[in-house]
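Take a look at the structure below.
Just so we're on the same page: letters track the sequence lines, and every chain starts at 1. All figures in this text were calculated on a predicted structure; none of them were measured in a lab.
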Amino acid sequence: MQLITETNRNCPMLDIQLLRNQIDSVAARLATRGLVLDVAGFQALEDERKALQTRTQELQARRNALSKQIGMLKGKGEDATAVMAEVGQLGEELKACEQALPGLLERINDFASRLPNLPQADVPVGEDESGNVEVRRWGNPRQFDFELRDHVDLGAPLGLEFDTGARLSGSRFAFLRGPIARLHRALAQFMLDTHTLEHGYTECYTPYIVNREALYGTGQLPKFKEDLFWVLRGGDEEGLEQYLIPTAEITLTNSVREEVLTLDQLPIRLTAHSPCFRSEAGSGGRDVRGMIRQHQFDKVEMVQIVEPGKSDEALEQMVGHAEAILKKLELPYRVITLCTGDMGFSAARTYDLEVWLPAQNTYREISSCSNCEAFQARRMQARFKNAQGKNELVHTLNGSGLAVGRTLVAVLENHQQADGSILIPAALRPYMGGVERIEAPL
RNA sequence: GGAGAGGUGGCAGAGUGGUCGAAUGUACCUGACUCGAAAUCAGGCGUAGGUGCGAGCCUACCGUGGGUUCGAAUCCCACCCUCUCCGCCA
């Protein structure tokens with residue numbers, strides 16, 4: 001019998017020992033995320049598990065010992081029927097135990113798999129985004145001496161077509177044509193080059209369709225299936241379920257899944273430009289106008305795989321890498337620390353970068369950088385051999401650097417001119433064939 | 001899609017249904033030798049879980065899931081994946 005089944009082979013996100021031994025402390029920390037942990041329910045399951053597992057193992061030990069005896073007796077040519085009768089008596093209870101245990105373990109695992117990561121101790125406690133704390137600002141929002149337009153109005157004559165997208169695919173899809181399509185491509189290229197040439201990341205091109213295990217590893221499954229698009233292979237409608245990636249974090253982070261890395265391989269810094277697919281199931285009528293919230297958008301993602309002692313430092317660096325893009329693009333932004341109630345499932349600490357959008361007269365999220373500590377590594381079984389030669393879980397971090405669609409929006413709105421043209425920031429011009437401004441084709 | 005081969009420890013690679021959790025090599029750790037290192041020699045060295053103050057004892061794990069058996073890495077069934085060749089295809 002196997003205690004580790006397919007579904008629980010990936011350990012729950014929280015250390016199961018922590019749950020067993022310090023459940024009250026875990027409950028208190030999760031409470032800051034607005035989550036009520038069913039301590040009594042968990043402990044009832046645990047008590048049951050402990051009794052059943054102990055009994056199962058007792059019976060197995062007995063069976064193994066007797067079977068070994070049978071082997072020895074038969075080897076010597078002696079009669080083993082008495083021992084075989086004895087082991088036969090164990091059969092029924094053992095079978096019952098072995099059948100009951102996996103289901104119980106599965107329930108415990110499912111319970112634990114749906115618990116989010118524990119916030120770091122100094123993360124501000126808050127219920128929602130109102131509890132987030134601003135860390136710093138960069139740049140001054142521009143004063144306009146003409147009536148400013150939003151990116152939808154600015155983009156329309158430049159090739160930003162929402163009606164075409166809707167006709168092809170439905171709402172929340174955009175079709176880009178001409179100068180705006182080129183600007184979109186230039187932004188992604190510029191970001192990739194900056195991260196690879198200046199920040200030490202290795203460029204990657206990754207699959208956009210992944211299996212369930214990968215999404216479990218980074219924490220999107222089992223809890224957030226409704227946020228994803230899932231796909232089936234043609235001619236194989238009964239077949240394996242796979243998913244479109246909601247971010248390249250999935251593929252970059254899972255690239256070390258089930259690996260035991262050596263110390264000298266760390267840190268690993270990866271970046272990729274990819275489309276991201278999100279069903280936006282829970283977003284209701286939010287941001288229906290424009291390309292702020294799309295089912296498909298491009299993003300340049302940064303991922304770091306580091307030693308546990310170095311992840312805090314790595315997060316600060318990674319935020320700096322994302323900020324560098326905004327600075328080069330001359331886009332005002334602010335950095336905020338997400339409070340406990342606003343953090344994502346896998347994160348122990350998250351900084352959001354919010355770019356100034358003049359037409360909305362506010363800062364909007366354009367990057368999110370998180371330290372997931374060992375949470376994802378535990379689910380992925382991504383480890384390294386530490387200095388003591390022991391396998392230890394790595395720490396994983398991910399951050400957008402940046403969301404390309406929203407960056408496009410920010411460039412349009414912040415660098416718009418009175419005549420509706422867009423001034424291209426100097427850093428981006430080499431990627432635009434030297435063009436200094438884009439304007440509607442005649 | 002067709003035909004074949006194969007999935008075993010960090011890696012490589014053995015394994016007649018019965019002390020096989022698994023030979024061997026390599027990597028790694030410790031010790032000896034050395035001024036130091038290399039080489040050499042000796043020892044150690046998988047993961048997870050249970051139980052115990054502890055040395056330890058026990059259970060599970062040889063791609064995944066099921067089956068046969070007193071007993072499965074080994075036999076049977078299904079599935080997944082990888083590789084080679086053919087076909088199709090951007």
| Strictly by modelled atom types, are A:Tyr351 and A:Ser367 linked by a side-chain donor-acceptor pair under 3.5 Å? | no
| message | My understanding is that only one of A:Asp342, A:Asp122, A:Asp312 makes a salt bridge (Lys or Arg N to Asp or Glu O under 4.0 Å) with A:Arg349; could you say which? | response | A:Asp122
| request: Mind calculating the distance between CD (A:Glu213) and P (B:rC80) to the nearest angstrom? | output: 13 Å
| Between B:rC11 atom P and A:Asn391 atom CG, what is the distance in whole Å? | 11 Å
| message | Applying the Watson-Crick and G-U wobble criteria at under 3.5 Å, what pairs with B:rG43? Answer none if nothing qualifies. | response | B:rC29
| message | Test salt bridge (Lys or Arg N to Asp or Glu O under 4.0 Å) on A:Arg49 and A:Glu46; report intermediate values, then the result. | response | CA-CA 5 Å; A:Arg49 186 216 104 236; A:Glu46 261 295 287; 2.5 Å; yes
| note | Of A:His195, A:His321, A:Arg269, the one forming a side chain to side chain donor-acceptor pair (under 3.5 Å) with A:Tyr201 is A:His321
| message | In whole Å, measure the gap between the P atoms of B:rG2 and B:rA60 for me. | response | 39 Å
| query | Looking only at atom C1', what distance separates B:rG49 and B:rA14, rounded to whole Å? | reply | 29 Å
| field | Over all atoms of both residues, closest heavy-atom pair of A:Val306 and A:Pro267 | value | CG1-CB, 3.7 Å
| said: Pairing donors with acceptors under 3.5 angstrom, does anything connect the side chains of A:Glu98 and A:Gln60? | reply: yes
| message | Say we look at B:rA22 and B:rG4: how far apart would their P atoms be, to the nearest angstrom? | response | 36 Å
| B:rA23 versus B:rG44 - spacing of their P atoms, nearest Å | 12 Å
| query | Reckon A:Lys50 has a side-chain N or O less than 4.0 Å from the OP1 or OP2 of B:rU51? | reply | yes
| query | Between B:rU82 and B:rG66, how far is it from one C1' atom to the other, in whole Å? | reply | 23 Å
| CG of A:Asn386 versus P of B:rC29: gap in Å, rounded? | 12 Å
| task | Could you work out the separation of B:rU19 and B:rU59 based on their P atoms and round it to a whole Å? | result | 14 Å
| request: Name the pairing partner of B:rA73, where a pair is Watson-Crick or G-U wobble with both distances under 3.5 Å, or state none. | output: none
| message | Between A:Lys95 and A:Val260, which residue's closest nucleotide on RNA chain B lies nearer the 5′ terminus? | response | A:Val260
| field | Spacing of A:Leu59 atom CG relative to B:rG50 atom P, expressed in whole Å | value | 18 Å
| query | NA contact type, A:Arg49, heavy-atom cut-off 4.0 Å: base, sugar-phosphate, or nothing? | reply | sugar-phosphate
| query | Taking all non-hydrogen atoms of both residues, which atom of A:Leu353 and which atom of A:Ala322 are closest, and how far apart? | reply | CD2-CB, 3.6 Å
| Using purine N1 to pyrimidine N3 plus N6-O4 or O6-N4 for Watson-Crick, or N1-O2 and O6-N3 for G-U wobble, each under 3.5 Å, what pairs with B:rG36? | none
| Nearest-neighbour nucleotide for the A:Ala61 side chain, B:rC58, B:rG10, B:rU51 considered | B:rC58
| query | Nearest-Å distance, CG (A:Leu104) to C1' (B:rG50)? | reply | 14 Å
| message | Between A:Gln17 and B:rG49, is there a contact of a side-chain N or O with OP1 or OP2 at under 4.0 Å? | response | yes
Within the sub-3.5 Å range, which N or O atoms of nucleotides 69-75 of chain B have a protein N or O partner, and how far apart are they?
{"unit_1": "B:rC70", "atom_1": "O2'", "unit_2": "A:Ser67", "atom_2": "OG", "d": "3.1"}
{"unit_1": "B:rC70", "atom_1": "N4", "unit_2": "A:Lys74", "atom_2": "NZ", "d": "3.4"}
{"unit_1": "B:rG71", "atom_1": "O4'", "unit_2": "A:Ser67", "atom_2": "OG", "d": "3.2"}

| query | With distance as the sole criterion, do the side chain of A:Gln53 and the base of B:rG49 form a donor-acceptor contact below 3.5 Å? | reply | no
| task | Tell which nucleotide pairs with B:rA48, taking only Watson-Crick or G-U wobble pairs whose two distances are both under 3.5 angstrom. | result | B:rU59
| query | Which whole number of Å gives the distance between the C1' atom of B:rU8 and that of B:rU64? | reply | 15 Å
| Rounded interatomic separation in angstrom, taking CG from A:Leu393 and C1' from B:rA48 | 12 Å
| remark: In Watson-Crick or G-U wobble terms, with both distances under 3.5 Å, the base opposite B:rA5 is B:rU82
| task | Using the P atom as the reference point in each nucleotide, state the distance between B:rG17 and B:rG31 in Å, no decimals. | result | 44 Å
| said: I need the CG-C1' distance between A:Leu52 and B:rG49, as an integer number of Å. | reply: 14 Å
| message | I'd like to know if the side chain of A:Gln265 pairs up with that of A:Glu259 as donor and acceptor (distance under 3.5 Å, no hydrogens or angles considered). | response | no
| query | Mind checking who B:rU16 pairs with, Watson-Crick or G-U wobble, both distances under 3.5 Å? | reply | none
| A:Ser368 versus A:Asp352, side-chain donor and acceptor atoms under 3.5 Å | yes
| Euclidean distance, atom CG of residue A:Leu101 to atom C1' of B:rG50 [Å, nearest integer] | 11 Å
| remark: The answer to which of A:Ala65 and A:Lys385 contacts RNA chain B further toward the 5' end, by nearest nucleotide, is A:Lys385
| request: For B:rG49, take OP1 and OP2 only and decide whether either is under 4.0 Å from a side-chain N or O of A:Gln60. | output: no
